[in-house]
Every structure is written in C-alpha cells, then in structure tokens.
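See below for the structure under consideration.
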Number of protein chains: 2
Amino acid sequence: MDPHLLRTYVTVARLASFSAAARELGYTQSAVSQHIAALEQDLGTPLLTRRPVAPTAAGERLSEHAGPLLLRLDAARADIARTAAAPEQGLTLATTPTALGPGVLASLPAAGATLRVLPRDAVPAAVVTGGADLGLVDGLAAPSDPLRLPDVAPLTTRGVAEEPVRVLLPATHPLAGRLALRLGDLADARWLDAPDAGLPLDRLRALNGGRGFRPSVRCEGTDLRSLTALAAAGHGLALLPASAAVSVPGAVAVPVSEPRVVHRVELVHAGVPAGAAAVLAAALTAVA
Amino acid sequence: MDPHLLRTYVTVARLASFSAAARELGYTQSAVSQHIAALEQDLGTPLLTRRPVAPTAAGERLSEHAGPLLLRLDAARADIARTAAAPEQGLTLATTPTALGPGVLASLPAAGATLRVLPRDAVPAAVVTGGADLGLVDGLAAPSDPLRLPDVAPLTTRGVAEEPVRVLLPATHPLAGRLALRLGDLADARWLDAPDAGLPLDRLRALNGGRGFRPSVRCEGTDLRSLTALAAAGHGLALLPASAAVSVPGAVAVPVSEPRVVHRVELVHAGVPAGAAAVLAAALTAVA
DNA sequence: ACGCTCGATAAGCAACACTGATGGGGTGGG
DNA sequence: CCCACCCCATCAGTGTTGCTTATCGAGCGT
C-alpha cells in the first residue's frame, strides 16, 4: 500500500483510463498498469474492471479510504513543515460561504489577508495541509454544541458565532406568510441540494429520523446568490443562517421555531496560531 | 512517506532505541538507521535526537499523525479483505467495560460469540481492522445526541441504550447523603482517572469549561471492580452509568441532576453486518 | 584504560521500479 | 469485411533502491 500506488489508483479510478492517468501523473502507461497490478496482488483481489475501466466492489471501498488517507498524509507533511519553519507569510483564511456572517466580516483586517471560499469539506483539508492558516466552518447544531468535523488531522476549534436559521420559501408558498415554521412541517417539500454551499440536506434528514427532505435541483458551487435565486424561482426550499437569508423579490425568509437548532460558525486551526494568524483568531473569537 | 518508514519511526520513537526497534521489526540496525535518515531527508528536518533517542518537535508532530495513519491503512486493507471474501466465522464483539449494561447483556446470544473488552479507543480500531465484527462504545452525551467518535474509517453507528449517570462517592463524603448532585459542585474534588475503563475526565473538564476535575489516582486497565474499590477507599470520585455504579460497602452512588447528560451506548460496525452479526445487531438495537 | 553498546557510514548485492517495445482484444471508419 | 486505431497486458532491459554485512567513532560504566 505504497502512497504512490494509492495515488495512481485514485487517478485511474477518477479518469477511468490507465493511459490518461499515466499522462497526468507523468508515467508511462506500462508503469500505471504495473502499479494497479501490484495493488491488486497486494490486496489479493481485483480492484478495477478493464474495458471499461471501473472500480469493482473492493475498488469502491479502496476509493473511499484512499482520499482521506492521502489527505492525512499531506496533512502530516504540512504539519511537520509548519513546526520546522514558520515563515509567516501573507495570512489566508479558508471559509465556507455561509460562515461569513456579519460578526466575522467586521473583524477581518482591512488588508493583508486573503480569503478562500471553499466547499464545506475542503476547509479543514485546506487548514491541515497548510493551504490556509485559519478556517471557518459552519453547520447546524443544537445551541452551544460543537460541530462534527472530519478529523483528518489534529485540529483545534473554537466557536465564533451562532445565529438562528431561516427557511427561504418562494413568496407563493402556502406557508410563506407565517411568522415561524417547524421544520417537520416542511419535511415533505422539495429542498435544494447544495452541499458545497453549506446546505446539509442529509443532516436535516438525520434530524428528522432519516425521512423526508428529498432533494430537488442539485446546485454545485459555492455561490449563495444563485441559491436564493433558485429558491425564489420555486425550485425548492433552502435553510440558511438568518444573515444570509435575505428576502429577495419572490422569496421570503421565515424563522425556524422547531427543532431548536442554530447555525454555528467555528474557527479551526492546526497547532497554535502565531503572528498575524493569532491576531485574527483573537479578533474572530472576541465576537462570540 | 512510505508506510514502512512510518512504522519503523513509530517503533523507534516508542522504544527510544534504533537497535531495539530493529530487533522488533526484524531488520538490521543499519536498515533502521537508514529508514530514519530517509524520513528526515524526505521531510527536510530532523525527527529524532540521538543519544538519547527522543523525538524533536517535528518528530512529536509526526508521532501524532503516524498512529492514525497506520491505523487507517490497516482499516482500508481489512475493509477490502472483508468485501472480497466474507468467511463469516465466529462472531466477536468488541466493547468497553461500561458499555455492557443490562439491556446489552440480555440480548447476547447464549453461545457462539466471543467478547473482547477493550479500552475505549481500541474498540473502533478493532472494528475497522476486522478484529471484531461489531463494537460497543459508550460515552457521555446530551440525551439522544450521538457520540463523538474518531473517524478512522467509515463507520456506521446506531444508538443502543441510554441510562442516567451516577457519581460514586465514599460513604464518608459530605455530599454522600444527597438524593441528587450537580456535577459542578464536585468540580474541585479529586477524580479517579481511568481512561481505559471509560471514565472520560477530559470530557467532564470540557463540559465544565476546561476547569476543575483534577485527577487523583490514575488507574489503567479495564476493570470496573478495582475502580469502585478505589472510590470506596476515598481515592477519588468516579462517574459511572447507573447500572455499573453499584453501591458497594463504603461507597454510595448518587444520581446526577445537572448537567443533563446521559451515558449512551452505541453499536458500531463497518459496512453492512451480515449473518450472525446482523442478528446480533438487530437484537442489540431492538433494546433501544 | 578497557570493553561494551549504540548509532552512523561504506560497500556489495539482490530486488525493485521504471522505460520502451511488443502483443492481443475490442471498436469504429472506410 | 477488413483495416487502422486505441486500449491495456506483458516482456526484456536498465538504473535505482533497499537491505545486508562489515567497520568506525562516540559515550558510558567498570
């Protein structure tokens, strides 16, 4: 289970082609073929069907493991590089789009920081691999409960902000006039599925006992404006933090009364922040 | 970052000796020396001080990463072996000592299953590496909230049981006569530290805002009887699930009223349980 | 001062990991 | 229908790697 073999396996699986993977990795096709053969011999089972190239059941399992494994490997390497030498360059902050509430925005420095808006899972990854000094992740949680994060590497988190959530409904929706809504009443509606933009549909489904919250349009990317436009056009409902759920023409944002969940933002960093990162971290947590 | 190099690094760090690690791994001392040198060159920084052999700061970081990394590697290998061929042998159930409540015990089959009582962290590890078909882990949680588990590999969990917790106090303790106690009132007392037996002192401290709950005697191993004996002898307090906190002579178990936490037991398994494992899983979850 | 142990280093050798070339199987165009 | 093409598997060749044995210098206890 050499990491190199793992890396070629994932690219082959992704591109569904030995030759294309070889080109991308800078190997010959022969080498890639031998890599896969070595992996299959090591694990004692075929991982890919040839012609067409597709993962077998065992290969599916490996695909699921290989990503986090390689990520953790990079995280370890980055962590060590970080402790070995802290060059302290320009500060970068990775964040999900919905984590940028008013409190956070207020405490950003006027200049000198770069912001990377990423999908939800990519934020911890960026922080552990050194792609960002600090990260902001958000999610739904019971009040004052911590978020559940993938522990790709040792991370420390601190709560930064909590705010109520609202449902974004088209103005024509029968419940659009309500002052507050229970999520359970909307379980049978169609919901927008936008995992990159921080809309955790599976999380809602879990809160509801695994039922309901069927997805309508799936929306990839991290742009919130498109999402609200979709909701206004009646393509599905969306659950957003109060500050992000602005009422645009054609849509209204109604507070959620039940269950008692809040939109929570957490600051995540690897190790102990130093220099400019420490200043920003202090400013961000002072809001809370 | 070859896994082999990682493995030799962790054994060298653990044994604090190149030669001893070489003996344990079946290499020559020279090979181990070259392994470490290769790692250090790859990462561009010294990892160990020689004479005496001890990890540097970078080495400490690596130690923290290497364990989960190797565990996940084993988990991937075991997972693939599992999907490739399901031999379905004798069923083994890994469990923490305090997870074995009355409900769980009642639904165990009369024979044919083996039980492995392990420290808390070892249970998920055993399940993902195939050392056990099912696992039972326990911990403190808000009612009906899931536990926080290390995600060494994709695991599925299901709640099995919840029960109130009690504090085990020596009979001579000033609060021993109370009908119920608030944990906050006991933050300044000395507590038994028994991580293997499922007494999460750090978790209590976190609930209390990071303060208090100083450890007294540290008790390694998974034996609950020793723990209650220690508590009865006045060496420190212990927080246990109601069914485990039997009142022995010299000690009383008092319910906890605040904060509202329960002792929760979860069934954990990798993939979809089949055969005898599925039967046991169904029996266990039927209790909940 | 001596002997012992520990880790680093040098040299040798076998196994490995690539490359380039070749072959067989499937597919689409002429 | 057959040929040309693309794909992956396999083979032989070669430079590199990874391990071993052997030797050395340094610290430590006697």
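Because the structure is a prediction, the values reported are computed rather than measured. Hydrogens, waters and symmetry mates are skipped; everything else that's a heavy atom, side chains included, is used. By convention in this document, chain letters (A, B, ...) are assigned in the order of the sequence lines, proteins followed by strands, and residues within each chain are numbered from 1.
- Between B:S33 and B:Y27, the closest side-chain pair of non-hydrogen atoms is not below 4.5 Å.
- Contact annotation: A:H4 does not reach the phosphate of C:dC18 (side-chain N/O to OP1 or OP2, under 4.0 Å).
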- Task: Take A:D74 and A:T129 through the side chain to side chain donor-acceptor pair (under 3.5 Å) test and state the conclusion after the steps.
- Result: CA-CA 6 Å; A:D74 284 352; A:T129 58; over 6 Å; no
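- Between B:D2 atom CG and D:dC19 atom C1' there is a gap of 13 Å when expressed in whole angstrom units.
- At distances below 3.5 Å, not a single donor-acceptor pair connects side-chain atoms of A:T8 with backbone N or O atoms of A:T11.
- Side-chain contact between A:H35 and A:L25: absent, with no pair of heavy atoms (C-beta onward) separated by less than 4.5 Å.
- As a whole-Å value, the separation of A:R7 CZ from C:dC18 P is 10 Å.
- Contact check, B:Y27 against D:dC19: a side-chain N or O comes under 4.0 Å of OP1 or OP2.
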- Item | Contact letters for nucleotides 4-11 of chain C, in which S counts primed atoms plus P, OP1 and OP2 and B counts the base, heavy atoms under 4.0 Å | --BBBBB-
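- When the C1' atom of D:dG18 is taken as reference, atom CG of B:L25 falls 15 Å away, rounded to whole Å.
- Salt bridge B:R82/B:D79: present, at least one basic N to carboxylate O contact under 4.0 Å.
- Partners of A:S30 according to the side chain to side chain donor-acceptor pair (under 3.5 Å) rule, which considers only residues two or more places apart in sequence or in another chain, are A:Q34.
- In this structure, B:H35 places its NE2 atom 8 Å from P of D:dT20, rounding to the nearest Å.
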